[in-house]
Amino acid sequence: MRIATWNVNSIRSRIDRVVGVLERHDLDVLLLQETKCRDDQFPSMPIDALGYQIAHHGLNQWNGVAIISRVGLDEVQVGFPDIPTYGDPAVSEARAIGATCAGVRVWSLYVPNGREVGHEHYAYKLDWLAKLRDAASGWLAQDKDAQVILAGDWNIAPTDEDVWDPAFFEGKTHVTPPERAAFEAIVDAGYADLVRPYTPGPGVYTYWDYTQLRFPKKQGMRIDFALGTPAVQARVTDAFIDREERKGKGASDHAPVVVTLD
DNA sequence: ATGGTGGTTAGACCA
């Protein structure tokens with residue numbers, strides 16, 4: 001089984017690239033973030049035509065997560081237990097969707113950005129990650145052999161090696177100790193990074209800002225991850241980051257991250 | 001090359 005996660009930055013503007021990624025990598029499952037549309041706006045036809053099923057959760061022009069699968073798409077779940085809302089009045093955001101695909105419980109996750117350290121959105125990010133940890137920890141406690149994948153745009157660079165210049169990011173979100181601790185807490189709950197062992201750094205990234213020629217200058221961040229329970233980790237035979245997809249006109253600012261299971 | 005990113009959208013907001 002081959003599964004990928006990708007922050008697509010609008011499914012409507014990149015549907016042709018999505019089809020290309022599905023075909024090029026012979027994907028069984030593709031987890032998308034930032035689809036940026038409502039369910040009724042999702043361009044499903046080209047994906048249906050390839051024999052895939054789609055589960056999408058999109059409420060408006062922001063966020064939006066989807067699971068695309070050709071190996072089954074069962075027990076679709078929008079959000080995880082106790083997923084936080086944002087703001088006052090409280091707003092539910094489309095940042096998590098789960099489903100079972102060929103016996104693997106997969107989650108497409110779009111972790112809140114945080115905006116600025118100290119911003120209300122930053123507190124939301126940390127709370128969101130803590131609630132995700134609680135939920136994910138519970139799933140593994142229920143069944144230590146559970147096959148669960150938590151994948152998506154985490155908006156966290158877990159180590160200094162995961163950003164092109166640590167000094168540039170000093171005092172900014174994505175690299176602060178509380179964010180890194182929130183990520184490590186999920187690893188400590190039993191969810192290992194499935195990709196890093198196959199793509200060691202430094203200089204290995206999944207995201208490059210559109211501005212300032214960050215991609216050609218190789219100035220990126222590793223912020224997209226696929227984490228898995230021990231039962232999943234034991235099945236991984238390969239993983240890579242599809243840098244080629246970041247090239248050319250009309251690319252997303254994120255690259256797909258691909259994992260192969262036996 | 002006096003603009004410089006790109007998405008959603010129609011003046012901003014978000015990343």
Side-chain angles (χ1 to χ4, degrees), chain A residues 5-21 30-44 46 56-66 84-96 108-129 151-158 162-165 168-176 179 182-183 205-225 241 243-257:
Chain A
T5 182
W6 187 23
N7 180 323
V8 71
N9 187 21
S10 167
I11 182 73
R12 286 177 291 174
S13 66
R14 251 172 286 289
I15 181 61
D16 292 348
R17 278 183 177 260
V18 169
V19 166
V21 165
L30 175 58
L31 309 174
L32 296 175
Q33 301 85 40
E34 281 211 89
T35 56
K36 290 188 165 176
C37 66
R38 299 185 308 268
D39 293 350
D40 63 284
Q41 297 173 308
F42 193 99
S44 52
H56 178 246
H57 175 45
L59 300 171
N60 50 43
Q61 68 269 50
W62 294 301
N63 314 305
V65 283
T85 56
Y86 180 63
D88 184 15
V91 175
S92 289
E93 300 188 310
R95 294 183 177 275
S108 179
L109 304 169
Y110 181 43
V111 177
N113 171 284
R115 299 191 187 162
E116 310 284 340
V117 177
H119 193 285
E120 181 186 6
H121 209 263
Y122 179 80
Y124 171 52
K125 179 180 196 173
L126 295 178
D127 186 36
W128 200 95
L129 287 160
D153 176 358
W154 294 77
N155 272 317
I156 296 169
D162 300 324
V163 296
W164 61 275
D165 180 9
F168 178 86
F169 289 94
E170 207 166 308
K172 297 187 173 79
T173 61
H174 295 56
V175 301
T176 64
E179 290 167 279
F183 183 87
Y205 309 123
T206 64
Y207 162 86
W208 300 261
D209 197 301
Y210 282 125
T211 69
Q212 310 296 325
L213 299 174
R214 293 292 185 220
F215 182 66
K217 285 151 92 174
K218 305 189 188 310
Q219 297 176 337
M221 307 171 78
R222 192 203 287 252
I223 56 176
D224 299 88
F225 299 95
I241 298 160
R243 273 189 88 260
E244 293 302 305
E245 181 52 44
R246 181 63 180 78
K247 296 180 179 176
K249 190 172 159 59
S252 168
D253 42 3
H254 293 252
V257 177

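Since the structure is predicted, the reported quantities are computational estimates derived from the model, not experimental observations. Lettering follows sequence order; numbering is per chain, from 1.
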Worksheet item: Given atom CD of A:Glu93 and atom P of B:dC13, what is their separation to the nearest angstrom?
Response: 16 Å

Discussion item. Just to be sure I understand the rule, does A:Tyr110 reach a base, reach only the sugar-phosphate, or reach nothing, if contact means heavy atoms closer than 4.0 Å?
Written reply: sugar-phosphate

Worksheet item: Just how far, in rounded Å, is P of B:dA15 from CE of A:Met221?
Response: 14 Å

Worksheet item: Does A:Lys172 make a cation-pi contact with A:Phe168, if we ask for NZ or CZ under 6.0 Å from the ring centre and within 45° of the axis?
Response: yes

Fill in: Between B:dC14 (C1') and A:Arg95 (CZ): distance, integer Å
10 Å

Fill in: For A:His121, all residues meeting ring-ring contact (aromatic ring centres under 6.0 Å, His included), sequence neighbours excluded
A:Tyr86, A:Tyr124

Worksheet item: Rounded to whole angstroms, how far apart are NE2 on A:His119 and C1' on B:dC13?
Response: 11 Å

Discussion item. Expressed as a whole number of angstroms, how long is the span from A:Asn155:CG to B:dC14:C1'?
Written reply: 12 Å

Practice prompt. State the OG1-CD1 distance between A:Thr35 and A:Ile11, to the nearest 0.5 angstrom.
Written response: 7.0 Å

Worksheet, complete the sentence: In whole angstroms, the gap separating C1' of B:dC13 from CG of A:Leu59 amounts to 17 Å

Discussion item. Only Watson-Crick and G-U wobble pairs, only distances under 3.5 Å, only runs of 3 or more: what stems does that leave for DNA chain B?
Written reply: B:5-8 with B:12-15

Any N/O pairs under 3.5 Å between the protein and nucleotides 3-8 of chain B? List them or say none.
residue : atom : partner : partner atom : Å
B:dG7   : O3'  : A:Ser10 : OG           : 3.2
B:dT8   : OP1  : A:Ser10 : OG           : 2.8

Discussion item. Can you work out whether A:Glu34 or A:Asn60 has the more 5'-proximal nearest nucleotide on DNA chain B?
Written reply: A:Asn60

Practice prompt. Starting at atom CG of A:Asp153, determine the distance to atom P of B:dC14, rounded to an integer number of angstrom.
Written response: 17 Å

Fill in: Straight-line distance of A:Thr176 OG1 to A:Tyr122 OH, nearest 0.5 Å
3.0 Å

Worksheet item: Got a sec, which residues hit side chain to side chain contact (heavy atoms under 4.5 Å, CB included) with A:Thr85, two or more places apart in sequence or on another chain?
Response: A:Ala90, A:Ser92

Item to complete: Indicate whether any N or O donor in one side chain lies under 3.5 Å from an N or O acceptor in the other, for A:Ser252 and A:Asn9.
Response: no

Worksheet item: Checking all strands, does A:Arg115 fall into the base, sugar-phosphate, or nothing category for heavy-atom contacts under 4.0 angstrom?
Response: sugar-phosphate

Discussion item. Would A:Arg222 pass as a cation-pi partner of A:Phe183, given that its NZ or CZ must be under 6.0 Å from the six-membered ring centre and within 45 degrees of the axis?
Written reply: no

Discussion item. Applying salt bridge (Lys or Arg N to Asp or Glu O under 4.0 Å) as the test, list every pair that has at least one member in residues 115-129 of chain A; sequence neighbours left out.
Written reply: A:Lys125-A:Glu179, A:Asp127-A:Lys131

Worksheet item: Who passes ring-ring contact (aromatic ring centres under 6.0 Å, His included) against A:His254, sequence neighbours left out?
Response: A:Tyr207

